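Whatever order the structure lists them in is the order used to number ligands and atoms, beginning at 1. As the structure is a computational prediction, the values presented were derived from the model and not from experiment. In what follows, every heavy atom counts, from backbone to side chain, and hydrogens, waters and symmetry copies are set aside.
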Amino acid sequence: MDITERFLNYTKFDTQSAEDSESVPSTAKQLLFAEYLKKELEREGLEEVELDEKGYLYATLKSNVKGDIPTIGFISHYDTSPDCSGADIKPQIVRGYNGGDILLSEGIVMSPKKFPELSQHVGEDLIVTDGTTLLGADDKAGIAEIVQAMVYLQEHKDIKHGKIRIAFNPDEEIGMGAHHFDVEKFGCQWAYTMDGGDVGELEFENFNAASAKIHIKGVSVHPGYAKGKMINANVLATEFAKLLPENETPETTEGYQGFYHLIGMQGSVENATLSYIIRDHDRERFEDRKRFIESCVEKMNEKYGEGTVTAVVKDQYYNMKEKIDAQMHVIDLVLRAMQECGVAPKVKPIRGGTDGAQLSFKGLPCPNIFAGGINFHGPYEFVPIQSMEKAMQVIVKICEITADYND
Ligand SMILES: [Zn+2]
């Protein structure tokens with residue numbers, strides 16, 4: 001089976017995860033795919049194929065050399081985004097893309113004018129949707145690449161490699177992919193998520209993240225008799241919001257610039273709440289931002305009385321760079337592998353988090369490598385077959401290089 005057929009088979013499964021679910025995985029249909037994948041891994045000759053009741057699927061490709069070679073891993077998620085339907089996907093292949101508009105179906109056009117990324121893939125074979133669902137290349141392309149690489153290594157016994165572990169998990173799109181990941185059972189020195197976008201992407205820096213809930217207690221009095229007595233929580237909420245720097249928001253920042261983001265507000269005269277998320281790549285500046293929130297609370301309380309404003313600030317996740325920095329060989333290896341496969345590396349900071357960040361803090365350093373998909377989470381998602389093949393080659397090369405890796 002080639003990588004395209006493998007991937008197309010995966011898209012037949014609706015594996016959409018659900019934000020508001022209490023169960024693990026968040027949707028039962030994800031398990032149907034996990035079962036299918038388990039059988040495929042067994043059929044392809046992988047060992048220790050194990051699917052737990054939470055939908056985490058692990059498998060091993062045994063080492064084919066003697067000696068002490070680090071065990072490394074490759075990880076992808078099989079759920080698709082709750083933002084767009086993943087049911088009844090009808091993938092189509094555009095052979096030798098000519099650089100023009102692509103008619104997905106009657107009245108639905110994908111144009112390079114709107115999606116300039118298309119221009120990077122002229123002449124390639126693109127897998128696209130029919131414009132009514134997402135494609136699920138995020139992250140089934142990653143799964144196809146990993147499985148294909150394991151098959152390739154078994155068919156090319158001359159390529160020396162250590163023990164390779166692979167894992168496929170549910171619920172990444174709802175931020176729960178790493179929660180039930182058994183790092184100990186996985187047993188790798190380090191691993192890679194194959195979950196990035198276009199060819200060459202390599203990510204090992206993400207935000208430090210916290211949430212801040214600001215509560216404001218007002219005093220309600222009949223408006224006709226309110227002078228000098230009423231404290232309007234709504235008004236104080238807007239006053240608080242103005243204390244934060246207006247040029248440090250998502251819409252005014254990029255690259256390594258951090259921000260405060262007001263994601264919600266609720267209010268009455270008596271009570272108001274502001275919900276913020278705080279983001280910064282730099283740990284020091286991240287801590288400063290949280291302290292700044294506290295100082296704004298103090299300032300408000302000096303003016304309106306102790307206890308008027310309170311804040312609950314909670315850390316959410318941290319920048320994996322902190323963990324990777326001490327082990328840069330994990331990155332150097334990928335850069336070398338990409339170079340040997342003729343892929344130009346594109347290293348950039350993620351303005352968000354990844355499963356890999358959480359895994360890194362659970363003791364498994366885990367940068368993110370491209371899987372080739374573009375325009376995630378919507379009907380214009382596509383993946384060039386050549387990008388999947390490149391990713392597959394990079395995986396094989398990483399395994400090969402790790403085999404001569406010396407500490
Ligand atoms: Zn993904």
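Between the side chains of Y10 and E40, a donor-acceptor pair is found at a separation under 3.5 Å.
Under the 4.0 Å criterion applied to side-chain N and carboxylate O atoms, E201 and K346 are not assigned as salt-bridge partners. With salt bridges taken as basic N to acidic carboxylate O contacts below 4.0 Å, one links K303 and E239. Checked for salt-bridge contact, K90 and D88 meet the test: a charged N lies under 4.0 Å from a carboxylate O.
Annotation: protein N, O or S atoms under 2.8 Å of the Zn ion (ligand 1) (waters excluded) comprise H77 NE2, D138 OD1, D195 OD1, D195 OD2.
The environment of F361 atom CZ is dense: over 12 non-hydrogen atoms of other residues, nucleotides or ligands sit within 6.0 angstrom.
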Side-chain donor-acceptor distances from residues 207-220 under 3.5 Å, at least two apart:
unit_1: N208; atom_1: OD1; unit_2: N319; atom_2: N; d: 2.8
unit_1: N208; atom_1: ND2; unit_2: D280; atom_2: O; d: 3.1
unit_1: N208; atom_1: ND2; unit_2: H281; atom_2: O; d: 2.9

